[in-house]
2 protein chains.
Amino acid sequence: MLRLSGNDGERADAARNRRLLLEAAARIVELYGPEKLTMDEVARHAGVGKGTLFRRFGNKTGLIHALLDQSGRDFQAAFMFGPPPLGPGAAPVDRLRAFGEASIRRCDFQGQLLRAAQEGPEALSHPTQRLARQHLGLLLREAGTTGDLELAAYELSAYLNAGLLIHLQEERRMPHERLIAGWHELVERFLPR
Amino acid sequence: MLRLSGNDGERADAARNRRLLLEAAARIVELYGPEKLTMDEVARHAGVGKGTLFRRFGNKTGLIHALLDQSGRDFQAAFMFGPPPLGPGAAPVDRLRAFGEASIRRCDFQGQLLRAAQEGPEALSHPTQRLARQHLGLLLREAGTTGDLELAAYELSAYLNAGLLIHLQEERRMPHERLIAGWHELVERFLPR
DNA sequence: AGTGTAACCGGACCGTAGTCCACTTTATTC
DNA sequence: GAATAAAGTGGACTACGGTCCGGTTACACT
């Protein structure tokens, strides 16, 4: 078989099941919260076998990434091509500040899913994480920061990790504004003196 | 029963089983590596029921913390009471540098266990983590750093997270020296200008 | 020694992530 | 429209972490 005609090389029934599974997963999260998102339940609600679910998304973090895909793409588009201060056009420092603010804001809405997506040792290697670090590194370079920019990008993105932000908000009871101020302060420390 | 005489309020058989379980766990890690450390196997090797294992250590991260306890205590004693530059007596900046170096060195030996111990949402609340952050915050204050020192301590300790260090070493192939240099650079950024 | 009781013990049991593979469906080709 | 091969499917199965609870044991007090 040559698979020339297919839209994405995905068979029609497979595409339908992908849609069913994503809808079921989204519904479960919306109705019962992310902690009730089990692979068995998703498959059951979608009226589909478990094997199908794992074939489509690989594993649970794969499914969660697929759920976050749309908002992730929006976010990426915003900081790469959108209007300033997040997108190009503003000063690098302002873009850095805006990037953190947007990340923290996003965490307010999708924190639990974001945290779940960042579990496991391979999370740091995921394309979206790499892209964010690359972006941070680029902005640092433009801002005139010197030194090991790759490590600097890791350090900055560590602060924006959903697990850390949730801990600070829920365990340490830090208000939103303090986290933002902390980000601004951190960015400041990375600027050339 | 008053439980006055007992050494630690732990019954003799319980103490014996704790020892057996820790020895079994240590042997499994040594012989087969941390990824083979399953609760069933530990209980089986110790010749003890699974319920006993969970009663003693609560959960898997509890067992791992118990395994790391000795080296953890040594480390804590070293940076709180030991000789400079890690312990008191040296300049705060030098103590900060030494703290990171010691953490990175420790990660070289026990990285996999340390990473496993830091999984889960409650890891950041664990006493050893809190103590490390408190120590970092104190050194920053002594070094004259201004701003939100609590957040600053979180940011510094994020760099020393075993999961991140292992990722940088194994995935990004960064040599030991680069990680050390990165730590020194990071500390530098937190010093008053 | 005898006794009461709190602590301990073991292993059956549960929920969840992830694997496996015999069977079915789809799409292409002739 | 029949043959065919690749892709898809579903549910039984495994491994693992963690819970539960009826039975047992060590210890303090008499």
Please enumerate all residues that pass ring-ring contact (aromatic ring centres under 6.0 Å, His included) together with B:F54, with sequence neighbours excluded. none
Heavy-atom contacts, protein to nucleotides 17-23 of chain D, under 4.0 Å, summarised as B (base), S (sugar-phosphate only) or - (none) per nt, yield BBBB---
Rounded to whole Å, please give me the gap between CG in A:L53 and C1' in D:dG8. 14 Å
Could you tell me whether B:R16 contacts a base, only the sugar-phosphate backbone, or nothing, with contacts defined as non-hydrogen atoms closer than 4.0 Å? nothing
Can you measure A:E119 atom CD to C:dA17 atom P for me and round it to whole angstrom units? 11 Å
Nearest-Å distance, NZ (A:K36) to C1' (C:dG15)? 11 Å
Are any non-hydrogen side-chain atoms of A:H45 and A:L21 less than 4.5 angstrom apart? no
Show me the pairs that pass side chain to side chain donor-acceptor pair (under 3.5 Å) and involve residues 110-123 of chain A, at least two apart or across chains. A:S71-A:Q110
Quick one: is C:dC9 close enough that its OP1 or OP2 comes under 4.0 Å of any side-chain N or O from B:N17? yes
Would you indicate what B:R18 reaches in the nucleic acid, counting non-hydrogen atoms under 4.0 angstrom: base, sugar-phosphate, or nothing? nothing
At less than 4.0 Å, is any side-chain N or O atom of A:T52 found next to OP1 or OP2 of D:dG10? Yes or no. yes
Residue pairs fulfilling side chain to side chain donor-acceptor pair (under 3.5 Å) with at least one residue in residues 85-95 of chain B, sequence neighbours excluded: B:D94-B:R97
Does anything in residues 152-165 of chain A form a side chain to side chain donor-acceptor pair (under 3.5 Å)? List the pairs, not counting sequence neighbours. A:R133-A:Y154, A:Y154-B:H167, A:Y154-B:R172
Could you name each residue pair satisfying side chain to side chain donor-acceptor pair (under 3.5 Å) that touches residues 21-32 of chain A, not counting sequence neighbours? A:R19-A:E23
Rounded off to whole Å, could you give me the CG-to-C1' distance for the B:L63 and D:dC16 pair? 14 Å
